[in-house]
Amino acid sequence: MSLNLNALNDEQKKAVEAVEGPVLILAGAGSGKTRTLTYRLAYLIDKKIAKPSEILAVTFTNKAAREMKSRIDELIKKDISPLWIGTFHSICARLLRIEAENLGFSRNYTIYDVDDQVRAIKKVISTLSVPQQLYSAKLIQSRLSRLKNQLLYPDDIENLDRKDGLYEYMPDIYREYQKYLQENNALDFDDLLIKPTELFDNHPEIKKKYASKFNYVFVDEYQDTNKAQYLLIKKLVEDHENICVVGDEDQSIYGWRGADLNNILNFSKDFPKAKIYKLEENYRSNKFILDAANSVVQHNQERIGKNLWTNRDDGDRIKLYASKDDLDEAKHIVEKIHDEMYTKKRSFKDIAVLYRTNAQSRVLEEALHKNAISYNIVGSIKFYDRKEIKDIIAYLKIIVNPADSISLKRIVNFPLRGIGDTTISKIEKFAEIEGIKLFDAMGRVNDIASISPAMSARVVEFHQLINKFIGLNSKLSAVELVSTLTSETGIMHHYKTEYDQYESESRVANIKELFNSIEQFCEERAKEKKDVSLTAFLEEVSLLTDVDTWNSDSNAVTLMTLHAAKGLEFKVVFITGLEMNLLPLQRNSANIRELEEERRLLYVGMTRAEENLYLSYAVTRRKYNQSQSTIPSLFLDELPQELLEFSSGTEQKGAAKKGKGRSRKKKIESYFDHHGSSQVSDDMCFKIGQPVYHATFGKGQVLGIEGSGDKAKITVHFKDEDIVKKLIKQYANLSAVEN
DNA sequence: CAGCTGTATCTTTTT
DNA sequence: GATACAGCTG
């Protein structure tokens with residue numbers, strides 16, 4: 001039986017059948033994008049146009065990859081395990097695993113997460129003359145990541161015309177950091193995307209190997225690709241141009257991590273032969289919801305534009321609620337969840353509550369918990385970010401890759417074995433002089449004169465313990481190894497005894513959960529006859545997205561950020577915090593691009609809803625533990641009043657009641673204006689590098705500005721006393737000095 | 001070296 | 001309102 005395309009509409013069918021050459025599918029929200037992509041893949045294989053091994057498919061989450069794979073499986077009932085499908089990060093990790101040696105890494109390299117990166121940066125800047133009290137390792141990490149996302153190298157930064165003090169140090173930090181990572185046989189998240197391109201540039205034969213292997217390349221959510229991802233794909237397909245990308249410029253929400261909208265806007269310039277298909281029929285949302293979402297996103301300038309329509313009924317109006325404060329907002333949501341359940345027979349899993357920042361989840365969680373509404377929270381406190389899990393993972397990383405000194409330092413004194421910072425520093429110094437790895441230096445600790453024999457004995461014992469596990473790794477299954485490890489290192493004992501009963505139980509339960517997930521991983525991979533090594537498990541764990549760990553089958557209300565909601569759908573959606581400076585959220589360098597991205601974020605949220613959409617804002621909201629009054633979001637003014645049903649939990653009268661409070665124009669002005677650093681005509685405007693004068697501290701130079709307006713925190717280095725102070729602009733009585 | 005205590009910073013979104 | 005870190009004490 002051959003594949004039946006009757007389940008598709010005409011445009012979808014055309015997009016499926018156009019197999020050769022570059023294809024751009026512009027797929028509006030809810031237009032059956034995933035379905036089309038799935039059929040296209042199935043079609044290629046079913047018609048024997050391509051073997052599974054010749055196809056590369058990039059999805060946005062691992063969950064999406066899994067689901068797509070099982071859908072294809074259902075459609076054509078063929079073995080598709082040779083198909084490469086996954087996120088950019090996991091596909092790159094897989095490729096680099098194979099080719100690591102050509103890059104000066106070994107196959108068992110470790111993937112560093114943000115936490116590891118920060119530790120590595122701390123180590124690196126401690127050897128450089130970077131003023132550490134000015135530039136935190138965290139700040140440097142985010143700058144470095146941004147540079148890498150833009151595919152900039154240390155040499156490029158040296159040529160950059162930047163006056164920001166940190167950029168003076170960035171090239172050195174960058175070089176040293178990469179060197180340190182290589183010594184640790186580790187790659188960070190950004191390296192995963194960059195290194196394949198580097199590899200292809202330096203080894204044309206390797207590029208050729210993959211370019212000719214992958215005859216057909218698919219990229220989902222193309223609007224969220226960054227420069228590194230774009231170039232990688234471009235290199236892979238430049239010969240055959242069999243590339244199919246799917247995306248929606250209105251759902252581009254990752255500009256802040258380097259995603260470049262131009263990748264999709266310029267697709268037909270990059271590939272002049274491109275065929276373009278527009279999927280404009282929305283099957284997901286009722287008409288009122290779709291109309292409202294459309295009218296919001298129409299305010300954006302930077303878009304191709306499309307006419308998303310639906311055959312569905314009008315449905316209910318969108319409910320807008322003005323709450324007294326964030327607690328009232330949460331209470332209101334609880335009430336409406338009950339309404340939905342009793343009047344519309346919804347179950348918990350039909351419902352999602354979305355917000356702009358993770359911090360907003362706390363109040364919501366408490367309200368749901370108090371009212372016995374079960375919920376799942378996506379993101380926020382990630383399972384694999386918990387201390388007990390991270391520690392065990394660090395042990396596993398060391399076992400797999402003993403060069404990984406970041407992980408080594410994390411666990412060398414956990415559980416406590418009396419090996420402190422001083423001893424570690426001595427061993428590190430020794431390792432550096434001898435030019436050996438930290439772990440190997442531990443084996444030779446007896447050669448270090450300044451370490452006492454008693455201390456040496458402890459270090460040697462630790463070294464032997466790890467060596468023993470390294471030996472066991474090839475003999476035991478992953479689960480056996482982890483269970484031996486947790487008992488022999490004393491981790492299990494530590495968590496059973498060192499905490500109160502409640503905490504102890506939950507930590508031990510988490511560790512057991514880790515055992516389960518390792519077992520599950522091995523079983524699943526064994527079924528597909530794939531690698532079940534510890535390395536493979538660690539890779540999977542490192543590259544999990546928030547949504548990947550979400551159990552969408554369990555009957556619970558889902559709480560997540562608007563970002564995490566991309567690609568999902570729910571019968572009922574609540575979007576909270578529609579306030580200025582929350583949605584849209586403002587940054588120091590507010591510009592039109594960022595405002596439009598915030599608008600798209602709301603659009604993404606609204607289009608998740610199938611039947612009922614609730615919007616809310618709070619007149620006052622607690623922030624930094626302080627209650628602040630808010631201004632309703634300017635996006636609310638962009639919603640057609642006739643589609644709304646307004647209610648209020650506050651006494652406020654007049655314009656505020658309609659969710660307005662002040663004119664849209666004023667709000668837009670305030671969005672851009674709010675920030676001291678972007679003001680022009682203000683003589684109290686400080687720039688980085690600006691010389692200033694203070695009555696008590698004397699002359700100084702501005703090193704950084706945080707926040708905005710009168711409340712901006714200004715970091716100043718006062719030359720005379722050589723001290724660095726953080727001052728609040730409002731009170732500081734600082735004056736700018738002309739150059 | 002370990003454990004305690006006070007303080008700074010955090011809250012944008014994520015692989 | 002938590003958490004990570006620095007700095008101090010035993």
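Here is how names work: the chains are called A, B, and so on, in the same order as the sequence lines, proteins then strands, and each is numbered from 1. None of the values given here were measured: they were computed from a predicted structure.
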Would you mind telling me which of dT13(B), dT15(B), dT12(B) lies closest to the side-chain atoms of Leu585(A)? dT12(B)
How would you label the contact of Leu192(A) with the nucleic acid (heavy atoms, under 4.0 Å): base, sugar-phosphate, or nothing? nothing
By nearest-heavy-atom nucleotide on DNA chain B, the more 5' of Arg417(A) and Thr545(A) is Arg417(A)
Would you mind classifying the nucleic acid contact of Lys138(A) as base, sugar-phosphate or nothing, using non-hydrogen atoms under 4.0 angstrom? sugar-phosphate
So, OP1 or OP2 of dT15(B): does either fall under 4.0 Å of a side-chain N or O from Asn226(A)? no
By nearest nucleotide on DNA chain B, pick out whichever of Thr61(A) and Ile419(A) is the more 5' one. Ile419(A)
Can you tell me if Asn401(A) and Asn108(A) form a side-chain donor-acceptor pair at under 3.5 Å? no
Base, sugar-phosphate, or nothing: which does Asp113(A) touch, judged by heavy atoms less than 4.0 Å apart? nothing
Considering every strand and a 4.0 Å limit on heavy-atom distances, what is the contact class for Thr423(A): base, sugar-phosphate, or nothing? sugar-phosphate
How many whole angstroms separate atom CD of Gln141(A) from atom C1' of dT15(B)? 11 Å
Once you round it to whole Å, what is the distance between P of dT14(B) and CZ of Phe189(A)? 12 Å
Once you round it to whole Å, what is the distance between P of dT14(B) and CG of Asp116(A)? 19 Å
Could you state the CG-C1' distance from Asp115(A) to dC10(B), rounded to the nearest angstrom? 15 Å
Within the 4.0 Å heavy-atom criterion, would you say Thr422(A) contacts the bases, only the backbone, or no part of the nucleic acid? sugar-phosphate
Between NZ of Lys566(A) and C1' of dT14(B) the distance, given in whole Å, is 11 Å
Nearest-nucleotide pick for Thr357(A), side chain only, options being dT12(B), dA2(B), dT14(B): dT12(B)
Reckon Thr561(A) has a side-chain N or O less than 4.0 Å from the OP1 or OP2 of dT14(B)? yes
What's the closest nucleotide to the side chain of Asn413(A) if the choices are dT11(B), dA2(B), dT12(B)? dA2(B)
So which protein nitrogen or oxygen atoms get under 3.5 Å of nucleotides 3-10 of chain C's nitrogens or oxygens?
residue : atom : partner   : partner atom : Å
dC5(C)  : OP1  : Lys122(A) : NZ           : 3.0

Shortest side-chain distance from Ala359(A), nucleotide among dT11(B), dG1(C), dT15(B): dT11(B)
Any side-chain N or O of Lys426(A) below 4.0 angstrom from OP1/OP2 of dC1(B)? no
Partners meeting side chain to side chain contact (heavy atoms under 4.5 Å, CB included) with Arg417(A) (sequence neighbours left out): Tyr395(A), Asn413(A), Pro415(A), Ile419(A), Phe462(A), Leu465(A), Thr489(A)
Do other residues, nucleotides or ligands put more than 12 heavy atoms under 6.0 Å from Lys227(A) NZ? no
Asp421(A) atom CG is separated from dA2(B) atom P, nearest whole Å, by 9 Å
Report yes if the distance between the aromatic ring centroids of His563(A) and Tyr254(A) is under 6.0 Å, otherwise no. yes
Partner of Val459(A) under side-chain contact (heavy atoms from CB on, under 4.5 Å), picked from Val445(A), Asn446(A), Ile448(A), is Val445(A)
Whole Å only: how far is the CZ atom of Arg257(A) from the P atom of dT13(B)? 13 Å
Under 4.0 angstrom, heavy atoms only, what part of the nucleic acid is Phe88(A) near: base, sugar-phosphate, or nothing? nothing
From CD of Glu594(A) across to P of dT13(B) the rounded distance in Å is 15 Å
Would you find more than 12 non-hydrogen atoms of other residues, nucleotides or ligands less than 6.0 Å from Lys370(A) atom NZ? no
Is it true that His494(A) and Phe414(A) have ring centroids separated by less than 6.0 Å? yes
Using the salt bridge (Lys or Arg N to Asp or Glu O under 4.0 Å) rule, collect all pairs that involve residues 450-461 of chain A, keeping only residues at least two apart or in two chains. none
Evaluate whether the aromatic ring of Trp256(A) and the six-membered ring of the dT13(B) base sit under 5.5 Å apart, centre to centre, with an inclination under 30°. yes
Counting the atoms with a prime plus P, OP1 and OP2 as sugar-phosphate, which does Met560(A) contact under 4.0 Å by heavy atoms, base, sugar-phosphate, or nothing? nothing
Look at the aromatic rings of Phe189(A) and His89(A) and report parallel, tilted or perpendicular, splitting at 30° and 60°. perpendicular
